[in-house]
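Remarks on the structure that follows.
Atom set for the values below is all heavy atoms of this structure, side chains included, hydrogens, waters and symmetry mates excluded.
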Amino acid sequence: MSIEVEVLLQEAKENIEAAQNYRAELQQRLHGLNQARKQVRSSASQTQEVLRRHFQELQAGVSRLLNERLGLLLEEVDAIEQDSVRPLDDCQKLIEHGVSAADELLREGEPEHLIGNACCTGLPEVPALVDVPCLSAQLDDSLLSAVTERIARHGSVAAHPPVQIEELVERPGGVLVRWCKVDDDFTVQDYRLQYRRGNASQYEDAYIGKDSEFLVLHLDPHTDHLFRVCARGDGRAEWSPWSVPQTGYTTLAPHEWRPNSDGYILSSRRNIAMRSDSPSSARVLYSSSPTYFCGQTLTFQIMAAGQVHKQDSLGVCVEDTSGAESLQKDRAVCISTNGAVFVNGKEMTNQLPAISPGSAVTFDMEVVGLFPMTNNNMNDGGNCKLRVTIGSGNREVVFDWLLDQGVDCLFFGCSFVYPGWKVLVF
């Protein structure tokens, strides 16, 4: 086969591959277009149904209230009528009795019987028309115009919600949800985040507040969850339309404390540990496994505090050494309850705020250097340098942590001497 034929065949093959790729790209875009059309039509149908149902309920409610008010007013008219007519009826009976007595005397026709007779000496008093009720209805003609004005401004239709989910980041046992405001004219008072499992029908609230991100915990790994967010305008009571739901999941197992550890009581989910008052020689509680990976954020939330001791600490370590009395040891970084930072058991000069109930301590790490094996570290695979950031309160400490071997994951742990300390990890 000549070179020219081979060149032509190669060009034909490349053209066919390019056409196939082009066709696949067009099909992908067509699928996206269909999804967009489906979203427009389904959201329009849902919005129409919501509007119809709302105004039907509103109409029924207003009609019920008007009928109830009409019934009360009619009952009031009946009550006034009966109370006013009753004394008039009594007066009428008295007059009719007098007329009957006078007729009886007149029929007898003897003048001596009329003289001094009581029926001819007094007349019952009949009230003047101004002294008896004259019922009328007072109606506010401005009600209809006021209701008309409110109805004219009731409800609105938005083509786009004022907030949208911006990012979903997997975390151990959860998903970090970030959202942003996309309507510059909308002044936000509060945000509201909801989520549900992919196969569930009802959403549940995860967060209401002013922050624009929230970590949703206690999610099953490898399970799709839908997230949506809305906002409440400044000075408004109603919530805005929901954002377009976004699907997220986590592949990371949740952080858990090690069960059956002496001196500590764990919650049912094993993410909360409390130092008990039982005597224990080992004061360090480790994670159930090395679940912390570089690139993640590890957070310790202090839920309760006990008496402070200089060996108290929170942090991460390479090994879960049994029998250790503190995390202030080799191949570990930690922060003590007074805010001192320890690296490989040595205290740094930089210090963070002291830990107290409500405090949150965060650990962030990233690999910044891997060094090849030498004669000095041939048995342990070389050196590894991690950039560590520890945050507490509104301050941070950043430093490089040099390890004698590369690590893929780390244990986390805590150590407290006295009971009463309670720590949530996520």
Side-chain angles (χ1 to χ4, degrees), residues 171-172 252 255-258 261 264 271 273 275 282-302 305 308-356 359-371 377 380-417 421 423-426:
R171 290 286 188 261
L252 306 174
H255 290 317
E256 294 181 354
W257 297 106
R258 180 171 299 174
S261 298
Y264 290 90
N271 60 341
R275 185 68 164 95
R283 299 171 183 156
V284 178
L285 174 65
Y286 296 102
S287 56
S288 59
S289 59
T291 55
Y292 176 70
F293 294 85
C294 292
Q296 299 178 3
T297 297
L298 178 68
T299 303
F300 297 99
Q301 184 80 41
I302 308 300
V308 176
H309 190 276
K310 63 180 182 179
Q311 287 188 324
D312 295 341
S313 52
L314 298 163
V316 296
C317 54
V318 178
E319 299 169 340
D320 54 342
T321 308
S322 60
E325 295 187 356
S326 175
L327 282 177
Q328 302 170 16
K329 61 177 185 175
D330 190 31
R331 307 180 77 185
V333 294
C334 63
I335 176 176
S336 66
T337 49
N338 63 6
V341 177
F342 290 83
V343 181
N344 294 331
K346 298 179 180 180
E347 183 176 355
M348 296 181 60
T349 55
N350 293 332
Q351 186 164 337
L352 294 169
I355 296 175
S356 60
S359 298
V361 180
T362 59
F363 285 77
D364 291 272
M365 298 186 186
E366 60 176 332
V367 179
V368 294
L370 289 174
F371 304 98
N377 59 16
D380 47 35
N383 294 332
C384 174
K385 181 190 292 185
L386 301 180
R387 180 71 46 80
V388 181
T389 302
I390 304 177
S392 179
N394 56 357
R395 294 185 57 190
E396 289 183 345
V397 171
V398 182
F399 57 90
D400 289 339
W401 182 23
L402 186 62
L403 296 173
D404 56 5
Q405 66 179 26
V407 293
D408 295 328
C409 50
L410 297 166
F411 290 91
F412 60 85
C414 66
S415 61
F416 298 105
V417 175
W421 289 93
V423 183
L424 165 68
V425 62
F426 57 89

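Rounding to the nearest 0.5 Å gives a distance of 7.0 Å between OG1 of Thr389 and CD of Glu366. Distance check, rounded to the nearest 0.5 Å: NZ of Lys329 to SG of Cys334 gives 9.5 Å. Considering OG of Ser289 and NE2 of His255, their distance stands at 9.5 Å, rounded to 0.5 Å. In this structure, Asp320 CG and Ser287 OG are separated by 7.5 Å, a value rounded to the nearest 0.5 Å. Atom OH of Tyr292 sits about 6.5 Å away from atom OG1 of Thr297, to the nearest 0.5 Å. For the atom pair CE (Met365) and CG (Asp400), the distance works out to 11.5 Å, reported to the nearest 0.5 Å.
Considering every non-hydrogen atom in both Asn344 and Leu402, the closest pair reads ND2-O, 4.1 Å. Looking at every heavy atom in both residues, Ser415 comes nearest to Gln311 through OG-O, 3.3 Å. The nearest pair of heavy atoms linking Val397 to Met348 is CG1-CE, 4.1 Å. Scanning all heavy atoms of the two residues, the minimum distance from Phe411 to Val318 falls at CD1-O, 3.5 Å. Taking every heavy atom of both residues into account, Leu252 and Pro172 meet most closely at CB-CA, 3.7 Å. Considering all non-hydrogen atoms of both residues, Ser326 and Val284 come closest at N-CG2, 3.4 Å.
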Item checked: Audit row: Leu403, Leu386, side-chain contact (heavy atoms from CB on, under 4.5 Å) steps and yes/no -> CA-CA 8 Å; Leu403 296 173; Leu386 301 180; 4.0 Å; yes
Item checked: side-chain contact (heavy atoms from CB on, under 4.5 Å) between Val388 and Asp364, worked out -> CA-CA 6 Å; Val388 181; Asp364 291 272; over 6 Å; no
Margin query: Walk me through whether Gln405 and Arg331 qualify under side-chain contact (heavy atoms from CB on, under 4.5 Å).
Written below: CA-CA 10 Å; Gln405 66 179 26; Arg331 307 180 77 185; 3.0 Å; yes
Checklist line | Steps toward side-chain contact (heavy atoms from CB on, under 4.5 Å) verdict (Val398, Arg387) | finding: CA-CA 7 Å; Val398 182; Arg387 180 71 46 80; 3.7 Å; yes
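Considering Phe412, Phe426, Tyr286 as possible partners of Trp257, the one that fulfils the ring pair (Phe, Tyr, Trp, His ring centres under 6.0 Å) test is Phe412.
Residues Val423 and Ile302 are in side-chain contact: their nearest non-hydrogen atoms beyond the backbone lie under 4.5 Å apart. The shortest side-chain heavy-atom distance between Asn350 and Phe399 does not fall under the 4.5 Å cut-off. Considering only heavy atoms from C-beta on, Ile335 stays 4.5 Å or farther from Phe300 through its side chain. Leu314 has its side chain within reach of Ile355: a pair of non-hydrogen atoms, C-beta onward, lies under 4.5 Å apart.
A cation-pi contact, defined as under 6.0 Å to the ring centre and within 45° of the axis, links Arg275 to Tyr264.
Judged by distance alone, the side chains of Asp312 and Ser336 never bring a donor and an acceptor atom under 3.5 Å apart.
Considering only residues two or more places apart in sequence or on other chains, Arg395 meets the side chain to side chain contact (heavy atoms under 4.5 Å, CB included) condition with Leu352, Pro353.
Here the side chain of Gln351 pairs a donor or acceptor atom with the backbone of Asn338 at under 3.5 angstrom.
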